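Some notes on the structure that comes next.
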Amino acid sequence: MVSRDAVVLLSGGLDSATAAAIAKRQGFRLHALSFDYGQRHVRELDSARSVAAFLQTESHRLIKFDLRAIGGSALTDQIAVPKQRSAAAIAQGIPVTYVPARNTIFLSFALALAERIDAADIFFGANQLDYSGYPDCREEYINAFEHMANLATKAGVEGKSRLTIHAPLLHMSKAEIIKRGLELGIDYGLTWSCYDPTSAGEACARCDSCQLRIKGFKEAGAVDPVPYKR
Ligand SMILES: [Zn+2]
């Protein structure tokens, strides 16, 4: 078993928690990175802290910047979060909850931290099945970022180490991700997926993210411990 440092992007959501647990199972020491970027569902950051504590990460950094200055997404602008969309509608096209260049921004921070701590591995929970429309959740994108990263860093240029971007959930369905996470012992009650929580702190049950999560738990034959609005 390896015992190396890995940077893990931890949003507080179900996917990133599972990707981090997979990294931990592979023997990596985890250095978690979360972002307060002006997102509507800032509540997810409490979950990120809980998940980091649960996985006993070596470190957990919260980086703040404000993507509301750019806007253009239902998560960072005065745009309503879509509700009650059909599975077919969710699977098609790029929804208004897409945040311009978000994964490129997140991975760039991960790359900076990896370089700082001499880590050669970055884990993130991208998934291209559920979010087929997201340009920055595709395998070609991840491969291209990895290629860029090795041109961009001191370690890469000096040939000391090669940076690998791991996206272990890329081809898994939500149900498969949940089953894998439960095998790894994740407490999904610590995670948060809803884009538009109620003031009482319940998940809305109707946004795309809630709907994908609810469907995933149902298909996995498991109970979602997160409270939903009735
Ligand atoms: Zn929701």
Side-chain angles (χ1 to χ4, degrees), residues 9-20 34-52 54 62 66-68 71-100 102-103 106 124-137 169 172-182 186-230:
L9 293 180
L10 208 58
S11 68
L14 184 159
D15 292 340
S16 70
T18 310
S34 303
F35 304 99
D36 181 349
Y37 60 94
Q39 66 269 49
R40 181 189 288 266
H41 53 313
V42 68
R43 191 219 170 284
E44 69 176 0
L45 293 175
D46 291 334
S47 296
R49 285 184 202 98
S50 303
V51 171
F54 183 77
L62 175 68
D66 196 351
L67 289 182
R68 285 175 298 194
S73 164
L75 302 187
T76 53
D77 211 334
Q78 304 296 329
I79 299 170
V81 173
K83 298 286 171 76
Q84 301 283 50
R85 300 204 305 152
S86 67
I90 292 172
Q92 207 172 45
I94 301 176
V96 292
T97 47
Y98 168 72
V99 179
R102 185 175 58 182
N103 283 349
F106 288 1
F124 91 125
N127 174 262
Q128 70 175 19
L129 285 188
D130 284 334
Y131 302 101
S132 51
Y134 282 58
D136 53 2
C137 285
L169 315 181
M172 291 166 80
S173 70
K174 194 63 96 189
E176 288 168 340
I177 293 167
I178 291 165
K179 282 186 197 164
R180 181 80 183 109
L182 292 174
I186 298 178
D187 176 0
Y188 281 123
L190 301 175
T191 67
W192 189 261
S193 301
C194 181
Y195 290 145
D196 198 14
T198 68
S199 52
E202 300 156 314
C204 79
R206 292 159 61 228
C207 70
D208 291 359
S209 188
C210 278
Q211 292 205 73
L212 286 169
R213 179 172 171 130
I214 290 167
K215 181 169 167 279
F217 270 93
K218 198 172 166 203
E219 287 172 6
V223 176
D224 186 352
V226 158
Y228 285 95
K229 186 183 174 191
R230 292 186 180 274

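Note that the coordinates shown come from a computational prediction; the quantities given were computed from them, not determined experimentally. Computed over heavy atoms, backbone and side chain alike; hydrogens, waters and symmetry mates excluded. Start at 1 and go down the list; that is how both ligands and their atoms are numbered.
- The number of protein N/O/S atoms found under 2.8 Å from the Zn ion (ligand 1) is 4.
- The minimum heavy-atom distance linking Asp77 with Gly72 is given by the pair OD2-N, 2.8 Å.
- Taking a 6.0 Å sphere around NZ of Lys218, one finds it holds 12 or fewer heavy atoms contributed by other residues, nucleotides or ligands.
- A donor-acceptor contact closer than 3.5 angstrom is absent between the side chains of Tyr188 and Arg213.
- Between Arg85 and Asp208, at least one side-chain nitrogen of the basic residue sits less than 4.0 Å from a carboxylate oxygen of the acidic one, meeting the salt-bridge criterion.
- Between Phe106 and Phe35, the ring planes lie parallel to each other; the angle is under 30°, not in the 30° to 60° tilted range.
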Review point. Which is it for Gln39 and Val99 under the side-chain contact (heavy atoms from CB on, under 4.5 Å) test, yes or no, and what are the steps along the way?
Key: CA-CA 10 Å; Gln39 66 269 49; Val99 179; over 6 Å; no
